[in-house]
Structures are given as structure tokens and as C-alpha cells.
**Student:** 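Dumping the structure here so I can ask a few things about it.
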Protein chains: 2
Amino acid sequence: MLKQPILTAPHNCAECPIRHQAVCARCEPDELDALEEIKYYRSFEAGQTVVWSGDQMDFVGSVVSGIASLTQTMEDGRTQMVGLLLPSDFVGRPGRNGAAYDVVATTNLVMCCFRKKPFEQIMLETPHIAQRLLEMTLDELDAAREWMLVLGRKTAREKIASLLSIIARRDATLKPNDNPGTTVFDLPLTREAMADYLGLTLETVSRQMSALKRDGVIQLEGKRHVTVPDLIRLLEEAGDDTDGGVMA
Amino acid sequence: MLKQPILTAPHNCAECPIRHQAVCARCEPDELDALEEIKYYRSFEAGQTVVWSGDQMDFVGSVVSGIASLTQTMEDGRTQMVGLLLPSDFVGRPGRNGAAYDVVATTNLVMCCFRKKPFEQIMLETPHIAQRLLEMTLDELDAAREWMLVLGRKTAREKIASLLSIIARRDATLKPNDNPGTTVFDLPLTREAMADYLGLTLETVSRQMSALKRDGVIQLEGKRHVTVPDLIRLLEEAGDDTDGGVMA
DNA sequence: GGCCAACCTTGACCCAGATCAAGCGCGAAC
DNA sequence: GTTCGCGCTTGATCTGGGTCAAGGTTGGCC
């Protein structure tokens, strides 16, 4: 199972609408005040680039709403999405200069940012923030490595099922689950973005989505609205061991 | 270019033969003494498993000599190597329970370990250790994501060239470089292990190695001893932008 | 020295997924 | 309402790398 960071009961970062789980989860009120000082919001339109690979990145922060993706590109234009940032996910590299990959707004996007320099200072003075970020980063590393298995060894159908599983899981943690087993969500990605994440072409994504629909693993209303009648079935299609899914 | 953690001028962890760059890089003598208390060595034979995925991992540590690999396996036996640990690389998940993947000794292996519980305690009292580990983990995350591009979008030939580039680079940092441009090293991996790392079959690895040899990109003496007459050429074959390699 | 077992190479064939190409559906602009 | 364009689907064909199979090489062990 993909070990996406799961939302723990989070602490609101003062009045911030998004819970900075990484940063604020264990902060005292005065620490939150310090963070409040260096906090600001940024909005992006779908398709806009937040930072280019290699550019200086003068902030760290969290996604408030919308979706951002981390993308790597080769000179000849081949691209691979290396991370998907959903609301509450953390972006940034405290202690590191420059972005390692493009950060792109996949949908309209609002981010809550902290200026990097003073944030690093606060981190020095507030050890548990570094601790929390370390835990978060280890989780991201796990997720990235799990995704390496998807990219390196899974078939196209398994790749699609894996992606749908992740989105279903992340979505389920945000919404009250009315009907356990069944999951309904809107795909926040175009077929092309899915292809970029899965190391496939958009045609293959489209074909496999049709196949999963034909075989009753998913239902589609329009192109984006997905119903998963049986999550276990979807996980089996993803080739993951099923226990993991049940446990998580 | 793959952003493998580069060895910075490291601080020896007391008499430890290996430089724990992650842990000890900025430690004061008394901090090193505390680490010394909870330090021990472990040896493994090639092929032995250090920890199984999911098992409790009661230590963190560094590779002293030999190579360990992080491996994920599906029920049907498909495996994907998700990390390669060379001497001085750090293993472990402070603040996290259980291993997320198998850790396997690819060659004979010596590790220098710290007991996890007391290590975490030291980390709480020594903020710069957490900071340093965070930086390290961010670098590993970068490397993992760079590898996702390799797995998702590169051809077999580019994959092989990418792997050889990494090993050449890591090796160059350990050995005095007599002849810049030319690099010589012993492949520490079997064809099968290379295949597991690259998401290929061992036959394809073998064919592409032969092809690179035929085309003069590499020379082979025996199966393992590799000479790279022109590193830039190899980097081009890897499909990386060449500047990165030169800059690094 | 001779045998055996890993490890590796090479060939022949096949298939999953890429590529090329045509057309559909639907919302936005006029 | 018509047109345009984007996102998506589907079909036909091609091909890189997988699969299956047959040796070759090398080094350890008796």
C-alpha cells in the first residue's frame, strides 16, 4: 500500500484555513504567533508554474486548496511527474537551496507560505518543528519509493488502479464516508497528467480507464466523476497486498 | 543529474572507521561520546537480509563497507530496488516504526548502528542532528524522485547509462581521480541487481551493456570492471542535461 | 585437474504499450 | 444556434523490451 502521509488530528495554524500538519501539529500558541508573522498566501491559475526547477525558492508552505504537481522534464520534452501535492501537503526544502523540480499548479491553487529564511530561524529555535518535518519527509520518501515500484514493475492497468487507489484514499480522509467500501470522487487530473504521473501515454491511460469501466472496477459519469463500488477490488487490481489497504 | 548526497568534509564519529556524515557532521566531542555509548557494529554476508519490510527496526546507522539495497517486492515476486546504500549512507527512520522495505546486503556488508530509542532521545536533545537528518532525507527524496524519471521515462540504454553515471560519480568521490574525464570502477552489482534497480530484465541489461561496449561508451574487462573513457559521453547517453554533471 | 554452480551472453520470438491517425462531445465565445 | 478548441476515445500499426531457450565463462571445491 502506498504510505501517503495520513492526516493526523491537526492543530490549526492560528486562523489559517489549512492545517499545516507538518509545521504546526505540536506548536504552542506563542510558536504559532511567530509563524503567523511570516505567513502569506499565494494563488495560482491552473497551468501556472509556481517555481521552476533550479530557481531559488524563497518560501516553504502547504497547499490550501487545489492540486500542485512536482514535475521533471528532459531536454527532449519527456516529462515525469514525481509528486502530487494535495491540500495540507507540505512543499519546500528548509536547509536546501533551489527547487529540485518544477512545481506546477495542476488546478487552480492556493498556497499558504512562510518566508524561508525566517522559517529556518524558527526551525532552529523550535526543535520539534524539525522533528516533525523529518517525519513528514520520511513519509514522503516512503511514498516516492513505493511509487518507484509502480513505475518500474507494474502494468498499465495496475498503474491506473494504483493512482485511483491513492486518490480514493486521500479523498476518503477528507470527506465523511457515508458508505464504507464504496467511494466516489472527482478526478483532479487530466488524462495527460495521469499519464505523466504513471509513465504512460495519454492514449494508454484512456484505454485502461475504459477497460476498468468495462470490467466494472469503476464507474464513470462524464470523464472525471469516478465511483468505486468495491475498494478491495480496486486494490487487488493495483497489485497491492490487500491487508495493507484494510489496515491503513 | 542525480542529486546523490555528496560527501562533505565529514567529522569522524570518534574512532568509527566510517564518517557518519548525517549524524556526526556537526557534533561536539561530548555529543560524540553520547553517540559512542549506543554504537555497535553488525556484519552481514552477501545475500542476507538486514531487515524485512514491516519488521520492527530497532536501530539506525550507516554503511561502513559493502553495499546494501532497499527492495520492494510484490506478492507475485516482481521486485523493484528503491535505493542503493553505499559506504557512509544512512539507514533508518527515527520517529518512525517498522521498515518500509526490505534492506538486503547486496555484497558483504558492515554497518555501524546506533540503538534507535536512545538515538531518538539524543536527537531530541541535539537539534542539529535532526536538522542534519532532515537535510539528508531531503537529498534522498531528491534522488528518489530523480530516479522516478529514470524508471518512468528513460529507455533501457539510458537507464543503464544513468546507473553507471551514479556509480562512477559516487566512486570518484571516494577515490583520488588520477585522470579527469576517465573513470574506472568495479560494478558492485550483478546484472540481476542492476535489472531490479532499473525496472528491466537481466537479459536487457546484458544486451545494453554489450551495446554500450560495442559503441565505445564503456570498456569492460571481465564482467564487472568498467572503464569510462569519456564521462560526458556517458552522461549524454543517460539523457541528463550535461551541465548538471559538469557543475556538480 | 576436473566438476559444478553461479553468472552472464546471445538468439528467436512475442506482446504490452507507444505511435500515428481519425473522430467524438461539450463548454465557451460570438 | 454555430463554430471553435480542448480533452478524450478508439482504431491500426509498429517496436522496445520481455520471455523462453540454449550455450559460454569463471571461480570455488573436491
Side-chain angles (χ1 to χ4, degrees), chain A residues 45-47 67 74 76-80 106-108 150-164 186-215 218-226 237 239, chain B residues 45-48 67 74 76-80 105-108 150-164 186-215 218-226 237 239:
Chain A
E45 312 249 307
I67 300 209
M74 296 172 66
D76 63 6
R78 281 177 281 175
T79 71
Q80 175 67 50
T106 297
T107 63
N108 289 344
V150 173
L151 291 174
R153 294 299 184 192
K154 289 194 178 180
T155 65
R157 172 185 265 244
E158 289 168 337
K159 285 180 174 182
I160 300 281
S162 298
L163 178 55
L164 294 177
D186 284 299
L187 259 184
L189 301 174
T190 64
R191 299 290 186 260
E192 187 180 20
M194 294 173 69
D196 280 345
Y197 200 24
L198 295 167
L200 298 171
T201 59
L202 68 91
E203 292 96 329
T204 299
V205 170
S206 183
R207 274 187 254 272
Q208 295 298 335
M209 288 289 288
S210 301
L212 288 174
K213 180 182 170 189
R214 173 169 39 71
D215 300 345
I218 59 172
Q219 289 148 27
L220 282 175
E221 274 166 70
K223 286 121 185 356
R224 298 296 193 87
H225 193 75
V226 180
E237 291 285 354
Chain B
E45 311 249 307
Q48 264 190 295
I67 300 210
M74 297 173 66
D76 62 7
R78 280 177 281 175
T79 71
Q80 175 67 50
T106 298
T107 63
N108 289 344
V150 173
L151 291 174
R153 293 300 183 192
K154 289 194 178 179
T155 65
R157 170 184 266 243
E158 289 169 336
K159 285 180 175 182
I160 301 281
S162 299
L163 178 56
L164 294 177
D186 284 300
L187 259 183
L189 300 175
T190 65
R191 299 291 186 260
E192 187 180 20
M194 293 173 70
D196 280 346
Y197 200 23
L198 295 167
L200 297 171
T201 60
L202 68 92
E203 292 95 330
T204 299
V205 171
S206 183
R207 273 187 255 272
Q208 296 299 334
M209 288 289 289
S210 300
L212 287 174
K213 180 182 170 188
R214 172 171 37 73
D215 300 344
I218 59 173
Q219 289 148 26
L220 282 174
E221 274 167 68
K223 286 124 186 357
R224 299 295 193 87
H225 192 74
V226 180
E237 290 285 353

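All values derive from a computational prediction rather than experimental measurement. Below, read A as the first sequence line, B as the second, and so on, with proteins coming before strands; counting in each chain starts at 1.
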**Student:** Start with the C-alpha distance between V226(A) and L220(A), add both sets of side-chain angles, then the distance that settles side-chain contact (heavy atoms from CB on, under 4.5 Å), and finish with yes or no.
**Tutor:** CA-CA 5 Å; V226(A) 180; L220(A) 282 175; 3.8 Å; yes

**Student:** Take the protein atom CZ of R224(B) and the nucleotide atom P of dT9(C), then report the distance between them rounded to whole Å.
**Tutor:** 10 Å

**Student:** Identify, with sequence neighbours excluded, every residue that meets side chain to side chain contact (heavy atoms under 4.5 Å, CB included) alongside E203(B).
**Tutor:** T201(B), R207(B)

**Student:** What distance do R224(A) atom CZ and L189(A) atom CG have between them, rounded to the nearest 0.5 Å?
**Tutor:** 7.5 Å

**Student:** Are the side chains of L164(A) and L212(A) in touch, meaning some heavy atoms are under 4.5 Å apart?
**Tutor:** yes

**Student:** L220(B) CG to dT9(C) C1': how many Å, rounded?
**Tutor:** 12 Å

**Student:** Which residues satisfy the side-chain hydrogen bond (donor to acceptor under 3.5 Å, both in side chains) test with S206(A), sequence neighbours excluded?
**Tutor:** none

**Student:** Mind calculating the distance between CZ (R78(B)) and P (dA16(C)) to the nearest angstrom?
**Tutor:** 13 Å

**Student:** Please give, in whole Å, the distance from dC8(C) P to Q208(B) CD?
**Tutor:** 16 Å

**Student:** According to side-chain hydrogen bond (donor to acceptor under 3.5 Å, both in side chains), who are the partners of T190(A), at least two apart in sequence or on a separate chain?
**Tutor:** none

**Student:** Give a yes or no answer on whether the side chain of N108(B) reaches the backbone of A46(B) with a donor-acceptor pair at less than 3.5 Å.
**Tutor:** yes

**Student:** Roughly how far apart are L151(A) CG and Q80(A) CD, rounded to 0.5 Å?
**Tutor:** 5.0 Å

**Student:** With a 4.5 Å heavy-atom cut-off, do D215(A) and E237(A) have their side chains touching?
**Tutor:** no

**Student:** What's the CD-P distance between E192(B) and dT9(C), to the nearest Å?
**Tutor:** 13 Å

**Student:** If you measure from CD1 on I218(A) to NE2 on H225(A), what distance do you get to the nearest 0.5 Å?
**Tutor:** 11.5 Å

**Student:** Write down the distance between CG (L202(A)) and P (dG17(C)), rounded to a whole number of angstrom.
**Tutor:** 15 Å

**Student:** What one-letter contact string describes nucleotides 18-23 of chain C from 5' to 3', where B marks a base within less than 4.0 Å of any protein heavy atom, S marks contact via sugar-phosphate atoms alone, and - marks no contact?
**Tutor:** SBB---

**Student:** Just how large is the angle between the end axes of the helix from dG1(C)-dC30(D) to dC30(C)-dG1(D), five pairs per end, to 10 degrees?
**Tutor:** 30°

**Student:** Which residues pass the side chain to side chain contact (heavy atoms under 4.5 Å, CB included) test with T107(A), sequence neighbours left out?
**Tutor:** I67(A)

**Student:** On DNA chain D, which is the earliest and which the latest nucleotide, 5' to 3', with an atom closer than 4.0 Å to a heavy atom of chain B?
**Tutor:** dG17(D) to dC20(D)

**Student:** Kindly write out the residues that satisfy side-chain hydrogen bond (donor to acceptor under 3.5 Å, both in side chains) with S210(B), not counting sequence neighbours, or none if the list is empty.
**Tutor:** none

**Student:** Taking side chain to side chain contact (heavy atoms under 4.5 Å, CB included) as the definition, give me every residue that meets it alongside A211(B), ordered by chain and number, with sequence neighbours left out.
**Tutor:** R157(B), Q208(B), R214(B)

**Student:** Looking at residues at least two apart in the chain, or sitting in another chain, which of them share a side chain to side chain contact (heavy atoms under 4.5 Å, CB included) with K223(B)?
**Tutor:** R191(B)

**Student:** Collect all protein-nucleotide pairs involving nucleotides 25-27 of chain C in which both atoms are nitrogen or oxygen and the distance is under 3.5 Å.
**Tutor:**
none

**Student:** Kindly compute the distance separating NZ (K154(B)) from CG (L163(B)), expressed to the nearest 0.5 Å.
**Tutor:** 11.0 Å

**Student:** Just to be sure I understand the rule, does S206(A) reach a base, reach only the sugar-phosphate, or reach nothing, if contact means heavy atoms closer than 4.0 Å?
**Tutor:** base

**Student:** With 3.5 Å as the limit, what N/O pairs link the protein to nucleotides 3-5 of chain C?
**Tutor:**
none

**Student:** Taking C-beta and beyond as the side chain, do D196(B) and R153(A) meet within less than 4.5 Å on heavy atoms?
**Tutor:** yes

